[in-house]
Engineer: 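The structure is given below, and queries will be raised subsequently.
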Amino acid sequence: MPALTFTNVSKTFGDNTVINAFSADIHDGEFLVLLGPSGCGKSTLLRMIAGLSDITSGDLLFNGDIANDWEPKKRGVAFVFQTYALYPHMTVRENIAFPLIMDAFRKWYHLPIVNIVARHRLMRRPDIAERTLRIAQQLELESLLDRRPASLSGGQRQRVALARALVRNPSLYLLDEPLSNLDAKLRTQMRSEISALHHKVGKTFVYVTHDQVEAMTMASRIIVMNKGIVQQVDTPDEIYDRPANTFVARFVGSPPMNLIAASVGDKGLKLSGKLAVEHGTALPSQREVTFGIRPEKLSLHAAGEGRLPARVTVVERLGAETVIGCRLLTGEDDQSGRLLETDLVFVRVSGNPKMQIGEPCSLDYRAEDVLWFDVDTGQRLS
Amino acid sequence: MSFNKLTLKFLRYLLIGVLVVLAGFPVYWMAATALSLNSELYGTGQVVWPQPQNFPELMLELGQVPIGLWLFNTLLIAAGGTVLSLTLGSLAGYALSRFRFHGKGVVGFLLFMTQVVPEALILVPLYAMFITFGLLNSLTGLVLANVGFSLPVACFVLKGAMDAVPYEIEESAIIDNCPRFSVLTMIILPLIMPSIAAAAVVAFFAGWNEFLFASTFLMDRGNWPASVGLASFVGQYETPMSAVMGAALVFSLPAIVFFLLIQRKIVAGLTAGAVKG
Ligand SMILES: Nc1ncnc2c1ncn2[C@@H]1O[C@H](COP(=O)(O)OP(=O)(O)OP(=O)(O)O)[C@@H](O)[C@H]1O
Ligand SMILES: [Mg+2]
């Protein structure tokens with residue numbers, strides 16, 4: 001049975017529909033990544049899972065039980081807020097220990113004044129102190145334990161927020177862009193910490209990000225969203241290799257997948273309207289299609305050697321590899337040298353192939369690497 | 001330091017000096033009058049300087065009234081009103097700040113109306129009510145009457161402060177298994193300490209200075225607060241001016257101490273660092 005099931009879940013703020021008929025299963029113990037551009041409703045979805053936002057329509061099921069109206073407490077989740085939401089008046093240590101202390105609270109500890117004493121005593125309880133310290137060490141926070149959030153940097157605050165969520169033992173972890181504010185090195189490190197934790201505890205993780213490296217490396221499955229609508233739910237490999245539509249194709253991958261307008265006629269394939277190409281294998285039956293190919297699936301050749309004549313327009317050297325932006329030479333206005341960088345075809349090659357801007361070259365591809373998309377709907381043609 | 005900077009500094013201190021004199025003079029004059037003899041005040045004219053040699057005379061005069069008891073009553077009234085206003089005010093302020101409920105606008109309006117209605121207007125109806133409830137001539141009744149006016153202020157001040165606390169801090173506490181009531185006591189209230197202190201000052205001084213209700217509802221001399229006691233010095237035929245001023249001085253001191261204690265709490269900035277940005 002899936003840990004979480006969404007059936008046609010929608011969320012509207014006034015007339016603004018933020019989540020539109022969202023349906024998906026989240027399996028027990030999986031690492032699910034919610035991927036999508038800013039404002040597409042990722043945080044809203046997470047808040048609905050946690051019980052912090054009402055569901056406008058549809059059902060949310062926890063282990064098969066409708067949980068739309070469950071209190072957050074009953075859901076037993078840990079949450080890393082995108083805005084951290086640390087307790088400003090508590091030290092880092094108290095912040096991290098807070099969920100543990102609340103779990104250890106008896107009813108009458110909540111009385112005013114009593115709660116101060118109770119919190120103080122519980123902070124010293126060996127198991128709580130030890131667990132707080134251990135998670136702090138894991139996230140490199142030991143030296144900050146006695147500081148308050150106001151005196152921390154953004155990345156340090158974010159790690160405190162992460163520590164506060166990871167210190168508990170919930171059945172479901174909800175993480176809203178928990179690594180967005182860290183530097184590249186720390187981010188890589190935290191990524192593996194979180195992955196390791198997921199393997200260790202074996203609980204369900206729902207992880208929001210718009211960083212596709214995080215999504216690709218950590219996820220067991222990815223849900224790609226756009227404007228509150230699910231675009232594709234699949235494993236990272238499937239999402240990358242067989243994107244359901246042009247949005248997914250362009251959103252996942254950097255540089256994004258090359259999408260070129262193509263027409264299929266009696267005489268074969270024409271790219272960008274004019275460039276006739278000998279494609280080889282079977283062509284789609286539609287006349288107007290979109291031709292999609294990943295930048296690393298294109299190969300770069302000297303002018304005349306490949307099937308697609310082109311001219312180098314952009315060269316981005318990344319060290320181990322180079323991304324080269326080319327303009328296809330379709331016959332007309334080849335010499336005009338437009339500066340516009342739209343419609344560029346990107347090629348990713350390893351090493352540094354000493355290309356000059358303006359240099360003519362040619363590209364080639366293997367027919368089986370091409371994906372076809374419908375021009376109007378953007379859906380991939382099978 | 002350049003000449004300009006020096007001049008600026010001098011002007012600044014001069015301005016502060018003038019303000020200090022303006023604010024301090026009445027207090028000084030109170031002390032000077034208290035240490036004068038009534039014969040001087042009503043005959044030869046007041047000596048401008050305080051005359052410490054008249055201190056025993058002042059003590060003798062003050063000794064004739066239960067000034068300690070009056071002060072204690074004032075303290076009970078002020079402290080009781082403060083505690084009650086803050087407790088109820090933080091609960092009501094939280095509800096107004098965080099919950100949507102029917103009649104929320106009406107509640108806000110009614111709370112505001114209490115500040116518009118003059119106390120004198122409801123004096124008689126309140127008197128009649130207090131007879132019915134047997135609250136006349138009791139400090140409890142007086143505290144309740146005062147709270148009627150200071151609670152709305154406390155409520156508004158605290159609501160405003162709670163509005164500024166990000167929702168997510170609270171939601172985070174709820175996720176961490178903290179019940180609503182504890183969210184208020186453990187998370188929200190510590191964060192709005194400056195506003196609580198400000199509301200406490202308002203409520204405390206409202207009770208401390210209150211005269212109209214006290215003089216109407218309290219008949220027993222032993223129940224009087226210092227404000228009513230002070231006024232009782234004013235006789236039809238004579239007013240012992242130096243004793244009045246002496247008592248007034250004693251009356252102001254605890255209030256000043258209270259303010260000094262609490263004023264350092266009235267500093268903002270605790271919420272910084274809770275959320276991004
Ligand atoms: N309380 C609210 N009232 C009205 N509109 C809201 C509210 N919360 C969110 N929205 C709207 O819902 C949409 C989705 O917001 P959400 O925070 O879920 O985006 P997101 O995917 O998390 O984006 P980001 O990656 O930038 O965090 C936005 O257009 C936002 O303006
Ligand atoms: Mg978000």
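Keep in mind that what you see is a predicted model, and the values were worked out from it rather than measured. Numbers restart at 1 for each chain; the letters A, B, ... are given by sequence-line order, proteins then strands.
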Engineer: Does atom OH (Tyr13(B)) have a neighbourhood of more than 12 heavy atoms from anything else shown, all under 6.0 Å?
Structural biologist: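 For Tyr13(B), atom OH is not crowded (no more than 12 foreign heavy atoms under 6.0 Å).
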Engineer: Hey, is the main chain of Leu191(B) close enough, under 3.5 Å, to the side chain of Tyr87(A) for a donor-acceptor pair?
Structural biologist: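 No; judged by distance alone, with no hydrogens or angles, the pair does not exist.
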Engineer: Does anything in residues 49-63 of chain A reach chain B? List residues with heavy atoms under 4.5 Å apart, or say none.
Structural biologist: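 Those residues of residues 49-63 of chain A which have a heavy atom under 4.5 Å from chain B are Ala50(A), Leu52(A).
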Engineer: If you compare all heavy atoms of Pro72(A) against all heavy atoms of Ile175(B), which two are closest, and at what distance to 0.1 Å?
Structural biologist: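 Heavy atoms only, the tightest pair is CB-CD1, 4.5 Å.
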Engineer: Using non-hydrogen atoms and a 4.5 Å limit, figure out which bit of Phe79(A) sits close to chain B: side chain, backbone, both or neither.
Structural biologist: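 Both parts, backbone and side chain.
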Engineer: Heavy atom to heavy atom, less than 4.5 Å: which residues from residues 97-130 of chain A reach chain B?
Structural biologist: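 So the qualifying residues are Phe98(A), Pro99(A), Met102(A), Asp103(A), Phe105(A), His110(A), Pro112(A), Asn115(A), Arg119(A).
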Engineer: For Phe112(B), look at atom CZ and say whether over 12 heavy atoms of other residues, nucleotides or ligands are found less than 6.0 Å away.
Structural biologist: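 No, the 6.0 Å shell around CZ holds no more than 12 heavy atoms from other groups.
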Engineer: Is any side-chain heavy atom of Ile187(B) closer than 4.5 Å to one of His89(A)?
Structural biologist: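 With C-beta onward as the side chain, the pair touches.
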Engineer: With sequence neighbours left out, which residue pairs that include part of residues 72-85 of chain B fulfil the side-chain hydrogen bond (donor to acceptor under 3.5 Å, both in side chains) condition?
Structural biologist: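 For residues 72-85 of chain B: Ser85(B)-Ser150(B).
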Engineer: Do Ser172(B) and Leu86(A) come within less than 4.5 Å of each other through their side chains, counting heavy atoms only?
Structural biologist: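 Counting from C-beta outward, Ser172(B) and Leu86(A) never come under 4.5 Å.
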Engineer: If you count every heavy atom of other residues, nucleotides or ligands that lies below 6.0 Å from Glu71(A) atom CD, does the total exceed 12?
Structural biologist: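 No, because the 6.0 Å sphere around CD of Glu71(A) holds 12 heavy atoms or fewer from other groups.
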Engineer: Using only non-hydrogen atoms and a strict under-4.5 angstrom cutoff, which residues of residues 164-171 of chain A touch chain B?
Structural biologist: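 Within residues 164-171 of chain A, the residues that come under 4.5 Å of chain B (heavy atoms only) are Arg164(A), Arg168(A).
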Engineer: Answer yes or no: are there more than 12 heavy-atom neighbours, outside Lys203(A) itself, under 6.0 Å from its atom NZ?
Structural biologist: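 Above 12, so yes.
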Engineer: Taking CZ in Phe101(B) as the centre, count heavy atoms belonging to other residues, nucleotides or ligands within less than 6.0 Å. Is the count above 12?
Structural biologist: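 Count over threshold, so yes.
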